[in-house]
Amino acid sequence: MTATRMTLVTALNTALRDVLAQNPRTLVMGEDVGRLGGVFRVTDGLQKDFGESRVIDTPLAESGIVGTAIGLALRGYRPVVEIQFDGFVFPGYDQIVTQLAKMHARSLGKVKLPVVIRIPYGGGIGAVEHHSESPEALFAHVAGLRVMSPATPCDAYWMLREAVACDDPVIFFEPKRRYYEKGEVDTTTPVAPAHRAQVVRTGTDLTLAAYGPMVRTCLDAASVAAEEEGRQLEVVDLRSVSPLDFDTLQDSVRRTGRLVVAHEAPVFFGAGAEIAAHVTEHCFYHLQAPVLRVGGYHTPYPPSRLEEEYLPGIDRVLDAVDRVLAY
């Protein structure tokens, strides 16, 4: 194994560089992705190396960006679209859910739309309104879309590579507050497929399930629980929200008997609700306590000075752990 330590941003950039080099039908499109290299510099240097016909600066029009990507996919290209911030995706939402997600079924399988829509999402950067949303549940509810979110640089590299190679449309949520965290990335040895959840910390007392930015929070909470109270919490990185690897999660819950699900998005009608319902239905006789959810509040995303109170952190995760273990 030959691994390089890099940030999540660099891992994504490396993945895009590799797919552009390997497949001339791959394109990168979005607002400021070319000359600027993206507001987070994920596409830095790509236009210089691959040209303006492969890395395309688009107008500020998300519906047009997605619609153009659909047309390109129909012509045999593999567009990778960047939505500059999570809250900007909604002008293109109609194109995504009524066209991109439906074309394969509408054509009885004859038409494939291999479009990747990259969306930096979540909070933690002190941004203004519409720059810190977590809309993953809105897309996971739509049949025909794959929805995934990496938590580490290594997963960012390989999951993006997999998303571009996939014939299905993929909504690829990138945890922006983890962009500059570093990790080991081996670009020669593929990791588990994106639809497979991974047990990233073993434990016996309770399962913590998360994806994207909350995986690191749950790992930190598990470390605190072990050091201060001797509790052994298992952490499962779900990685994909749709499809969701319930088999791996249920195996963990059957061992520990307890489950807490964490995500940044509001708890109300969030992905955790589906997870809690499914696990309760399929692991009822193994559960020793109700499944609890940790997430954001059912309010518009707050100003930056209140962000720390809004985002679920270690304390809120451990509070849920305490309540579950109290049964």
Side-chain angles (χ1 to χ4, degrees), residues 86 119 121-124 132-142 145-151 171 173 175 177-178 195-201 203 206-222 225 233-254 256-284 286-301 309-325 327:
D86 35 55
I119 306 178
Y121 84 120
S132 300
E133 311 296 330
S134 295
E136 62 270 20
L138 300 177
F139 295 96
H141 186 72
V142 178
L145 299 175
R146 293 179 181 265
V147 181
M148 59 182 70
S149 179
I171 311 299
F173 282 104
R177 69 170 161 140
R178 306 299 183 195
H195 65 275
R196 295 266 182 85
Q198 296 289 293
V199 176
V200 292
R201 180 184 176 117
L206 178 146
T207 298
L208 287 174
Y211 53 86
M214 285 301 293
V215 173
R216 169 49 53 195
T217 304
C218 287
L219 285 168
D220 291 343
L233 309 184
E234 184 151 295
V235 180
V236 177
D237 180 357
L238 297 172
R239 302 170 81 233
S240 171
V241 182
S242 181
L244 221 159
D245 181 6
F246 283 113
D247 290 342
T248 298
L249 181 58
Q250 288 167 195
D251 285 345
S252 176
V253 172
R254 290 184 182 115
T256 66
R258 296 175 173 87
L259 174 63
V260 171
V261 187
H263 49 62
E264 278 194 22
V267 169
F268 187 70
F269 273 82
E274 175 63 27
I275 294 169
H278 187 100
V279 169
T280 299
E281 180 180 350
H282 290 84
C283 299
F284 184 80
H286 293 84
L287 287 170
Q288 300 178 42
V291 178
L292 294 190
R293 293 168 291 155
V294 177
Y297 300 115
H298 192 48
T299 65
Y301 202 87
E309 301 300 323
Y310 176 87
L311 288 173
I314 294 174
D315 288 345
R316 273 164 52 193
V317 172
L318 291 178
D319 176 70
V321 169
D322 288 342
R323 286 185 285 141
V324 170
L325 289 171
Y327 276 88

With a cut-off of 6.0 Å (strictly less than), are more than 12 heavy atoms of other residues, nucleotides or ligands near CZ of Arg201?
yes
Between Thr207 and Val236, is the side-chain contact (heavy atoms from CB on, under 4.5 Å) condition met? List the steps.
CA-CA 7 Å; Thr207 298; Val236 177; 3.8 Å; yes
Donor-acceptor pair between Glu234 and Ser252 side chains, under 3.5 angstrom
yes
Within this structure, what is the SG-CG distance for the pair Cys283 and Leu259, rounded to the nearest 0.5 Å?
8.5 Å
Glu136 side-chain N/O to Ala271 backbone N/O, donor-acceptor pair under 3.5 Å
no
Among side-chain atoms of Thr299 and Tyr310, is any donor-acceptor pair under 3.5 angstrom?
no
Does Arg316 make a cation-pi contact with Tyr297, if we ask for NZ or CZ under 6.0 Å from the ring centre and within 45° of the axis?
yes
Check whether Asp245 reaches the backbone of Ala197 with its side chain - one donor and one acceptor, N or O, closer than 3.5 Å.
yes
Using the side-chain contact (heavy atoms from CB on, under 4.5 Å) rule, take Tyr211 and Met148 through it: C-alpha gap first, then chi angles, then the decisive distance, then the call.
CA-CA 9 Å; Tyr211 53 86; Met148 59 182 70; over 6 Å; no
Closest heavy-atom contact between Tyr121 and Asp86?
CA-OD2, 3.0 Å
Would you find more than 12 non-hydrogen atoms of other residues, nucleotides or ligands less than 6.0 Å from Arg258 atom CZ?
yes
Compute whether any side-chain donor of one residue and acceptor of the other, for His286 and Gln250, lie under 3.5 angstrom apart.
no
Check: Asp237 side chain, Val200 main-chain N or O, donor-acceptor pair, under 3.5 Å:
no
Tightest non-hydrogen contact, residues Val147 and Ser240, listed as O-OG, 3.4 Å
Mark yes or no for whether His263, through its side chain, and Ala210, through its backbone, hold a donor-acceptor pair below 3.5 Å.
no
